[in-house]
Amino acid sequence: MAESSGAGRSCPGAFARAWAKAVSGTSYLPMTQAQLEALLQRLTGRLAAAIQSEPFDLRIGQQVGAELVQAHIASAEGLGRTVEVIQLRLVRDLGLVADDVEDRMARLLATVATGYARALRDRTLDEQESIRRAAMMARAQAERALRESEARFRHQATHDPLTDLPNRTLFTERLAAAIAGADRVGVCFLDLDRFKVVNDSLGHQIGDLLLVSVAQRLRRALGEHLVARLGGDEFVILVESTAGTDDAVRVAEAALAAVSEPALVDGHELTVSASIGIVERPAAGTSPMELMRAADSTLHWAKAAGGARWSIFDADRNRRELARYALSAAIPAALDRGEFYLDYQPLTSLRDGRVLGMEALVRWRHPELGVLRPDSFIGLAEETGLIVRLGAWVLAEACREARGWADVAGDAPFVSVNLAVQQVRRPGLVDEVRDLLRRTGLPPGRLQLEITESTMMSTAEEPVRALRVLADLGVRIAIDDFGTGYCNLAYLRDLPVTELKVAGEFVTGLRAPADDPASRTDERILASLVSLAHALKVTVTAEGVETAEQAERLRAIGCDAAQGWHFGRPGPARQHLDRSPALTGTTV
Amino acid sequence: MQRPDWAPDTIDIERPSVARMYDYYLGGSHNFAADRAAARAMVEAVPEAPLMAQANRAFLRRAVQFLAESGVRQFLDIGSGIPTVGNVHEIAQRIDPECRVVYVDVDPVAVAHSREILAGNERATVIQEDLRRPAEILAHPEVTRLLDFDQPVAVMIVAVLHFVPDADRPEEILRTLRAALAPGSYLVMSQASDDDRGETGERAEAERVYRHTDSQLWIRSRAELSALFAGFELIDPGVVWVPQWRPESPEQAEDAAKAVFIGGVGRLGG
Ligand SMILES: C[S@@+](CC[C@H](N)C(=O)[O-])C[C@H]1O[C@@H](n2cnc3c(N)ncnc32)[C@H](O)[C@@H]1O
C-alpha cells in the first residue's frame, strides 16, 4: 500500500483512469480515487514494459496481478474488468508498437490472470484460516467463561459469603460422603457464648469481623477437618474416620482453644468463648440429619452448663428430653380426651381448724404413664405456651366444682387456683374470670388466684390493673411461694393482694427444736413477716406444714392459716369437705 | 470477571453473523457458509447491498480522515466488525501514529479476530461489549486505560444503529455516551434507511433475511437519525446519503440515488 500513495508523481493517463473506473465497485477499496489512479498509473507503466520487453518476461504480468490483489482489488469481477480494459485499451491508449503485439498481449493477459488468481487464492485461504482461528479462540474463550461462571456459581452456592467457609449445603454433602465412606464419624457443633452481647454493644459490623476472625482461627487450628458456618455464630466441624470418641473430643478442644485466643478486631481486643456439642458414633445406621440434630441438642447441654466447654452426646439424656418433649406435645390431645382432673389440698384456719379454702392441683391420668403430678408437665407447658390452654381448663373446672361445694357445706371454702405468668399477661383475663363466675354462679369471694412473687414482679402495669379489677370484683389474690424470690414487702402496698402464702422453706425451720438458734431465727423472720402483713391487712398462710409442733408455733406467732400434710394431703374435694365443719383442734 | 449475560455460551458458526455478512459484502473471505448464504439472499433482495456496504465503509474512511485531520487523536469504534480492510486505526494512525483506538463489538468472533490483528499495537485494542450497555463500555478498564475522556474522543457508531431497535432506547444510550465526552468530541453515525426508496418490498425482504441472523434490522428515516444526534452540532452537510458526505470526487456522490445508508458527523460544542 505504501507505494500506492505516490499520487501526483506521474499524472494518471487516460488508460489508468479508465482502468480505475472499471474496477471501482468490484470490492471495497480502502483508498481515495486519486490513490487508486496513481497505483494503476504505476502498474500501467509496468504492463507497457512487459509488452515491449525482449525477451518476453513472464514475471512482470504475474507481479502486476499479485499487486492488484494486495491493493484489495481482489474479486473475480476485478480481474474480469482488468483483462477487458487491458485488452481493449492498453495498446491503443499508450500507442505501443511491437511486432507480434497480439501474441504478446495474449501472453501478458495470461500472466496477469495467473498472478492475480494465485494471489487471490492465497489471500482467500489466509482469510478463511484466520476467521476459523478466531472462531476457535472465541469458542474457547466462551467455554472458559462458562466454566468459570459455573465454578463461581458452585462456590457461591456452597460457601458462606461472610467467612468464605463451606456452608450447610456443602457440609451436609461432605458429611453424607463421610458416613458412606468410613466406620465411624464425628460432628462438633460450635456456638459462640454471648455473641449477641458483642453484636448489641459493638454493632453488627464488629460482630461480623469477629465471626471472620473466628472462622480463620478455626480453619487454621483444625487443618484437615472441614469447618463450616451454618449461620449466625454457629459453626460445625466434621471429624472423619474417627477411631472413637477421643478423636472428636481432641478436635473440640483444639477448636475451643482457637476460639478463646484473644483477637484484635477493628481496634477492640475481644476474647470470646464457645460451647461445643459432640456426637461421635458408628457411621452405619445414622444419617446427616440425625447427626446434626444430635450435635445441636448436645450443644445446648454445653450452653446450659454455663458455656466455654464441650458436651458429648448422651443417648439416655437425649431420650429423656425427647420424652419430655413428647409429653408436652401430647397435652392438647389429652385435654380433648379429658385426661386431666383436679385434686385439692385444704388451707386450714389456725384459729379454729376450719377449712377456709382448697388449692386446686392438676393431675394427668396418662394412658401409659399413669397419674402424673404437675411438676412433670407444668414446666414444659409453660415453656411451650400450652399452659394458657391448660390453665384455662383448670380455672374453669375449679370454679365449676367449687360451686357444688356449697351444697355440701353451708359455709363453703374458697377455691385457690394457680395462674402462670402467661395467663396473667393475657389481655382477656378479666373477661374470662368474670364470665366463669357468671356461668358457674360461684361468688367472687370464693375464688382465689395464686400468683407467684416473680410473676408479680415481672408484670407490667396493664396486668396489675387487671388484677385490681378482679380484686375489686371481690376475687381473692394470693402471692404464692412468698419469700423465695425478690421478697420486697414494699410492693404489697400497691398491689391488690389479700393473702401471702409463705414458702415451705421458712416453715421447715420450725421443725427443729425451739431452742435451736437457726430455728429461732426462722421463727422471728416469720413473726415479723406476719405482723407486717397484718399491718397491710393481708392474711398469711404457711405452706408445707407437716407436724403439729410447726402448726402450734405458727399459730403462736399469729399466722392465719396453714397448708400441708399435717392438715391434709391432696385428694378429691369431697374428702376435705366432709371434714370441713368438724370443729376439731389444730391437730387433725 | 463475571461473564456478561449477553455473551453466548458457545460460538455457533451455523448462525449468520451480521459482522461476517458485512465482510462478505466488502469482498472479504472472513466468513462461513451460513454467512455467505444469508448475504447472497440479501443480495437477491437488494442487489446493490454490496455497493452500499462499500459506500458505507468509504464514508467511515472519509469521516476518520476528516476527524484525524481536524486534530482528533482518540477513537471509540462501537460495532467495529471484522477488521477487514481500511480499519479505523489504520486510517488514523497513518495520519498520526499517536492516534489511539478502542474497538467494541458484541460478536465474539469479530472480537477474537480483532485481537489477533491488533496484537502488538499498543495504541489500539478491542473489547467485547454491547452498544446497549454504554456505561459498561465507558467503565471498561481497557477503555479507561487507552482513552482520556478529558480530551476529545470520536465515537463511531457506523452501520450499527439499525441493529438497535427503539425499544432499546438509543436516545438514552447516546445521552450516556455524550455525558462522558469532553467538548470538541465527535459522534459519527450511519445506518440503513429507506427514505425515498418507495414501496419496493425490498425492506420486508431484507428484514426477513436478517431475522435469521444474530441481529435484527431496524430501519430509520433521516429525521430519526438526525434526532439521535441531539446535543451535537451536525458538521456540514448534515445527515445525508453516505456517498454525499464530503465525497472525494463528483462521481462518488453520483451513487447517492442507490444508497441505503444515511450518515453524518456531529461535534460536541461548549
Ligand atoms: C455492519 S457491521 C459495521 C462495521 C463497521 N462499523 C463499519 O461500518 O464498517 C456491524 C457490526 O456491529 C456489530 N453489532 C451489532 N449490534 C451490536 C451491538 N448491540 N453492540 C455492539 N456491536 C454490535 C456487529 O457484530 C457487526 O460487527
Side-chain angles (χ1 to χ4, degrees), chain A residues 1-2 4-5 7 17 20-21 23-37 68-79 120-153 156, chain B residues 1-5 7-13 17 19-20 22-32 35 48 50-51 53-58 60-62 64-65 82-87 90-91 94 107-117 128 247-252 255 258:
Chain A
M1 272 300 301
S4 70
S5 55
R17 277 206 306 279
K21 200 162 165 55
V23 295
S24 63
T26 53
S27 63
Y28 172 66
L29 305 179
M31 59 191 116
T32 62
Q33 196 68 17
Q35 286 168 331
L36 175 62
E37 287 173 2
L68 287 169
V69 171
Q70 259 164 39
H72 305 292
I73 303 166
S75 68
E77 292 78 14
L79 175 60
L120 186 56
R121 178 164 179 269
D122 285 353
R123 178 194 169 104
T124 303
L125 290 174
D126 286 350
E127 290 190 351
Q128 278 282 296
E129 204 170 291
S130 83
I131 195 69
R132 250 165 235 290
R133 199 166 45 238
M136 253 157 56
M137 284 181 341
R139 179 172 295 164
Q141 162 72 29
E143 280 162 10
R144 191 165 52 243
L146 183 65
R147 266 197 310 279
E148 272 167 19
S149 79
E150 276 167 1
R152 198 169 31 248
F153 181 75
Q156 278 166 3
Chain B
M1 192 186 72
Q2 186 79 41
R3 183 174 66 91
D5 45 13
D9 294 350
T10 187
I11 306 303
D12 179 13
I13 60 168
S17 132
R20 295 189 300 262
Y22 184 72
D23 172 75
Y24 181 81
Y25 299 146
L26 295 183
S29 303
H30 305 94
N31 41 65
F32 299 115
D35 308 317
E48 310 95 319
L51 284 174
Q54 291 173 29
N56 175 70
R57 191 77 176 164
L60 173 90
R61 175 171 51 75
R62 295 197 305 280
V64 172
Q65 215 145 2
I82 303 274
T84 50
V85 286
N87 298 302
E90 291 164 354
I91 304 161
R94 201 180 301 142
D107 184 330
V109 178
V111 172
H113 196 270
S114 309
R115 193 163 289 138
E116 203 172 315
I117 298 284
Q128 188 179 338
E248 281 153 350
S249 64
E251 303 96 71
Q252 249 177 2
D255 295 339
K258 287 182 281 176

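Labels below follow one simple rule: chain letters A, B, ... track the order of the sequence lines, proteins then strands, and each chain is numbered from 1. These numbers were taken from a predicted model, which means no experiment stands behind them.
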(request) Using non-hydrogen atoms and a 4.5 Å limit, figure out which bit of B:Ile82 sits close to chain A: side chain, backbone, both or neither. (result) side chain
(message) So which atom in A:Tyr28 and which in B:Ala58 form the shortest heavy-atom distance, rounded to 0.1 Å?
(response) CE1-N, 3.6 Å
(request) Measure the CZ-CD1 distance between A:Arg139 and B:Ile13 for me, rounded to the nearest 0.5 Å. (result) 6.0 Å
(request) Can you establish whether the number of heavy atoms outside A:Arg133 located under 6.0 Å from its atom CZ is more than 12? (result) yes
(request) May I ask you to name which of A:Gln128, A:Met136, A:Met137 has the most heavy-atom pairs under 4.5 Å with chain B? (result) A:Gln128
(request) Report the distance from atom CD of B:Glu116 to atom OG of A:Ser130, rounding to the nearest 0.5 Å. (result) 6.5 Å
(message) Please classify the contact between A:Thr26 and chain B as side chain, backbone, both or neither, with a heavy-atom cut-off of under 4.5 Å.
(response) backbone
(request) To the nearest 0.5 Å, tell me how far B:Glu248 CD sits from A:Gln33 CD. (result) 8.5 Å
(request) Mind checking the CZ-OG1 spacing from B:Arg62 to A:Thr32? Nearest 0.5 Å is all I need. (result) 11.0 Å
(request) Rounded to the nearest 0.5 Å, what's the gap from CD on A:Glu127 to NE2 on B:His113? Could you check? (result) 7.5 Å
(request) Against chain A, label B:Arg115 side chain, backbone, both or neither, depending on which of its atoms sit under 4.5 Å from a heavy atom there. (result) neither
(message) Quick check on A:Arg132 against chain B: is it the side chain, the backbone, both or neither that has a heavy atom closer than 4.5 Å?
(response) both
(request) Any chance you could measure B:Leu51, atom CG, to A:Ser27, atom OG, to the nearest 0.5 Å? (result) 10.5 Å
(request) Indicate the atoms forming the closest heavy-atom contact of A:Ala134 with B:Ala112, along with that distance. (result) O-CB, 3.3 Å
(request) Heavy-atom pairs under 4.5 Å with chain B are the metric here; pick the option from A:Ile131, A:Thr124, A:Leu125 that has the most. (result) A:Ile131
